[in-house]
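Here's the structure we're looking at; comments come further down.
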Amino acid sequence: MSTHPPAPATGPAPPDVASGPPGPSAHPEAPHARLLPGRVGGPPRWWDWALALDPGLGRLQTGWRVLLSMITSLTVGYGLSRALGLPAVLGMTVGGVLGLVSAFLIAENTRGRLARALLWLPVPFSAALPVSAAVRPYRVASMCLLVVGLVLVMVLARFGPLGLLSGTLIFVALLVGEMIPLPLAQCGNLFGVAAGTAVALLAARLLLCPPTPREDLLRTQRAFVVEARRITGAAATALEPGTGRAAALRRVNRALRGLNTTTLIIDGRLAQPELAADPEAAELLHQYLFDAELALHGIGEAVTALARHEVPDPLRRALVEGLVIARDTPLGRADALRPVAVRIRDRVADTPGLTAQDDEVRALARRIGDLLDALADSLASWLRLGRRTSTSGASVPFQPTVVLENGRPAGTGPATQRVVTAHGGRGLRRIVPALRAPLQAATAGAITLPIAVAVNPGRHYWGLVGVMVALLGTNTTRERLRKLGDRAAGTVVGGVLGVALLRLIGPGHVLWTLLVIVAGLSIGAACMQRRYAYLVVGLVAALVQVYGLFTPYDAMERLLVDRLADNVLGMLVATVCCLLILPVPTRKVTREAVHGYLSAVEELLDGLAERWRDPTAAVRPRGAARAVEAALHQVDSAYRPLVRMPRGTRGRSADTVLGLLGTATRHARSLAVAPSPAYGTGRIMEVLTSSLRALDHRVTTGEHGGTWTRVGPLVSALRVAGHARPDRALCELASLDQALAAFAQGKGMTVVDAVGPDTLVTVRGAVRCPEHDDCEVSVTVLDDRGTRRAQVRSADGGYTVTGLPRGAYTLVVSSPAHPPRAQSLLIRRSGHDVRHDITVTG
């Protein structure tokens with residue numbers, strides 16, 4: 001969107017004021033090189049593709065956690081049931097349920113919190129189990145108890161992960177009591193099974209799946225390196241003649257998106273307890289990775305632009321060689337990029353055939369060389385940091401700006417929570433946010449249960465499971481309907497796969513059946529974060545094996561159809577209840593997400609203005625820019641459509657919004673590390689901030705009107721003699737303003753150009769009416785675009801209009817006694833008042 005050519009990078013970006021002294025020397029000594037783990041910066045390895053797909057291996061850890069928990073819980077449940085004289089199926093059911101719930105809901109990153117959560121497992125489960133067994137003979141009371149358990153899930157979920165775990169265990173215990181005729185006298189022995197399973201799960205998790213937040217961070221950092229290599233490798237391919245240039249550029253863009261997601265995850269992980277213990281090191285790591293990401297984004301954008309031009313062969317070879325070296329150089333030898341950068345710059349100066357018409361090629365090639373140099377600086381600083389804090393330290397600790405949900409950057413959750421909180425107020429309205437989810441769950445359960453009993457009397461609880469699935473983990477109607485589609489599709493595919501495996505294994509092969517159950521749950525859990533449907537496929541394939549132990553094979557298809565119908569019924573009813581009971585419309589969530597984005601941009605501008613006024617101010621521009629990127633991710637989640645359609649059919653409005661905000665985010669990222677401008681920016685920042693607030697008001701209230709005042713003319717007015725362009729910071733400000741102005745115009749706001757106070761003109765004159773002694777006249781001033789610039793009324797036989805820049809205008813003169821008439825006005829000179837008399841006739 002920028003009208004300015006890309007400003008060349010002139011070296012490493014300046015550190016945030018909060019970081020204290022600049023980064024370490026660009027030539028780290030050998031002892032420092034040993035501080036960085038080799039698995040982060042070492043040469044390429046064959047398993048790097050897994051890190052690129054799963055930064056930090058969070059999905060793989062989830063699958064391993066489920067596999068370990070299910071094997072442990074089923075084994076311990078079977079052994080304890082034999083020791084306590086219980087039916088084996090009953091003991092394995094209790095153990096397996098606790099193992100499955102713990103694997104999905106307990107992912108603590110400290111040993112103490114992991115032990116607390118796992119040892120808490122048998123308490124709510126065993127407390128609810130005898131209640132369910134006692135009430136089961138009373139049909140109506142038993143069904144009502146299930147609805148109460150569902151409501152408890154929503155009530156306790158407000159108290160954090162342990163509350164959600166407790167509510168889920170209570171509901172699951174009620175389901176187990178509803179499914180299995182459970183003698184009340186056996187509940188004591190089942191408590192022993194549950195307690196033993198919890199202890200065994202704790203031992204297995206601590207031994208084979210312990211919390212390793214530091215190792216997870218290092219793996220995510222390795223994913224950053226992998227994505228960086230993918231970017232430089234694809235960029236080199238894009239510049240090679242006779243290669244698939246379009247495909248290579250698509251790989252560059254995919255790798256850039258992956259790099260951004262990975263750095264967001266790193267910033268989110270830096271706020272975790274064991275890592276925040278060294279907040280100074282966290283702040284420095286955040287800065288170094290931000291600078292490295294910025295350099296890689298610049299390389300990708302420059303190569304994309306350069307691919308549209310004919311590049312002389314010597315220069316092209318130098319660029320490809322430099323990018324290949326950047327791809328293959330281990331992180332510990334980042335200094336190898338410096339000679340490459342010098343060689344590219346020298347080749348730009350010496351290459352014949354670059355005429356005056358090839359200025360853009362020359363500038364882009366030089367920019368790639370400069371960015372490789374900046375990349376070497378940031379990687380060398382990262383290397384010096386190593387495992388511990390730099391000797392220089394940071395004057396302000398790391399402050400988290402990225403919220404993670406299930407190990408990934410948050411989607412619509414924060415925006416939805418802000419909208420829900422806004423529903424509260426004073427007095428009794430304060431309890432509205434707390435009652436919203438429980439009231440929706442209670443209503444949905446009360447509606448679903450009678451219908452499910454009528455459709456499928458023996459397994460009516462499947463409808464309540466559908467209600468809980470629809471309410472947990474979703475924030476908008478789109479997300480609930482998308483989850484419903486995934487649930488239906490996953491059930492169909494998992495059912496077909498499960499029935500095929502069931503008939504292949506045949507009856508009586510318990511070990512093979514258990515293997516399919518554990519494998520299905522583990523694989524589904526590992527793929528869950530990528531798509532919910534994958535979890536459903538594995539879950540249903542596993543459940544089919546369980547159903548096969550009690551259901552005739554020829555009745556399996558009917559059983560799966562009933563289960564799907566009940567689940568869909570519960571999810572649909574829950575979705576409708578969310579639309580009718582204290583609803584949070586998707587439109588409001590989207591507005592709140594955009595409001596959060598604009599607030600993040602304003603916070604960045606406020607921090608930069610403070611830094612430019614006082615270079616010693618403790619501000620974190622990089623952290624503020626990272627908050628803008630996280631806010632953009634939330635906006636993208638809010639605009640995400642219900643169904644992914646082929647390219648070009650998602651909707652012009654959503655694509656335009658995301659494109660403009662994405663462009664603004666790139667300029668905000670560059671602005672955060674731009675050197676302080678050499679010119680006064682007070683007026684520019686004041687106008688831009690005022691426009692941001694007007695746009696924010698337009699978005700949050702939905703009121704029509706408002707004006708966005710472009711600061712581009714003010715930036716142009718600050719050109720200094722001898723400079724080809726304004727400072728880099730001013731260029732980025734103008735480009736950021738241009739992208740946001742286009743977004744504001746799409747929202748129906750009027751876009752006008754800002755003018756300096758010394759270039760404004762005052763127009764005044766006399767108002768005469770030959771027919772009337774006292775004729776009240778209204779004067780409306782329109783510019784050459786038809787935009788109203790002013791409207792005044794005559795007073796004492798004259799009028800005055802202030803604040804008009806040079807240009808052509810139309811004066812519309814109206815009076816109750818005369819029809820409107822238009823007159824032309826041309827202001828030729830700035831800084832001089834203009835006299836224009838008006839005669840009203842007709």
Just wondering, do [Y] and [X] contact through their side chains at under 4.5 Å, heavy atoms?
X    : Y    : value
I231 : L323 : no
D291 : R622 : yes
W64  : S522 : no
V673 : R728 : yes
L736 : T663 : no
P409 : T261 : yes
L285 : Q221 : yes
V361 : L315 : yes

Nearest non-hydrogen partners of [X] and [Y], listed with the distance:
X    : Y    : result
P339 : A336 : CD-O, 3.4 Å
A593 : A638 : CB-CB, 4.2 Å
A228 : L296 : CB-CD1, 3.4 Å
Q634 : A410 : CG-O, 3.5 Å
R327 : R229 : O-CG, 3.2 Å
L660 : A739 : O-CB, 3.8 Å

Gap separating the [atom1] atom of [X] from the [atom2] atom of [Y], nearest 0.5 angstrom:
X    : Y    : atom1 : atom2 : result
S735 : H667 : OG    : NE2   : 4.0 Å
L605 : L671 : CG    : CG    : 7.0 Å
T590 : Y639 : OG1   : OH    : 6.0 Å
T304 : R245 : OG1   : CZ    : 11.0 Å
L371 : L337 : CG    : CG    : 11.5 Å
L372 : R367 : CG    : CZ    : 11.5 Å

Which residues pass the side-chain contact (heavy atoms from CB on, under 4.5 Å) test with [X], not counting sequence neighbours?
X    : value
Y534 : C527, R530, R531
A292 : F224, L375, S378, L379
A50  : none

Report the residues that fulfil salt bridge (charged side-chain N to carboxylate O under 4.0 Å, His left out) with [X], sequence neighbours left out, ordered by chain and then residue number.
X    : result
D267 : R626
E240 : R316
D54  : none
R669 : E629

D373 side chain vs R338 backbone, donor-acceptor pair below 3.5 Å: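 Side chain of D373 to backbone of R338, a donor-acceptor pair under 3.5 Å: no, none is there.
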query: Between H286 and G623, is there a donor-acceptor pair closer than 3.5 Å when you use the side chain of the first and the backbone of the second?
result: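 It does hold such a pair.
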Residues in side chain to side chain donor-acceptor pair (under 3.5 Å) with [X], at least two apart?
X    : result
R408 : none
S670 : none
T665 : Y597
Q745 : none

Would [X] and [Y] count as having a side-chain donor-acceptor pair, cut-off 3.5 Å?
X    : Y    : value
T412 : E479 : yes
R611 : S676 : no
T62  : R59  : no

field: SB check D216 R219 (cutoff 4.0 Å)
entry: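 Salt bridge present between D216 and R219.
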message: Under 4.0 Å between a side-chain nitrogen and a carboxylate oxygen: does that hold for D370 and R345?
response: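 Yes.
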- prompt: Does the pair E321 and R343 meet the rule for a side chain to side chain contact (heavy atoms under 4.5 Å, CB included), with working shown?
  reply: CA-CA 10 Å; E321 177 187 353; R343 191 177 307 122; 3.2 Å; yes
Whether over 12 other heavy atoms sit under 6.0 Å from Q529 CD: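 Atom CD in Q529 is packed in, count exceeds 12.
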Would you mind writing out the side-chain donor-acceptor pairs for residues 250-258 within the sub-3.5 Å range, not counting sequence neighbours?
| residue | atom | partner | partner atom | Å |
| --- | --- | --- | --- | --- |
| N253 | ND2 | L249 | O | 3.3 |

query: Can you check side chain to side chain contact (heavy atoms under 4.5 Å, CB included) on V303 and L319, steps first, answer last?
result: CA-CA 10 Å; V303 168; L319 290 170; over 6 Å; no
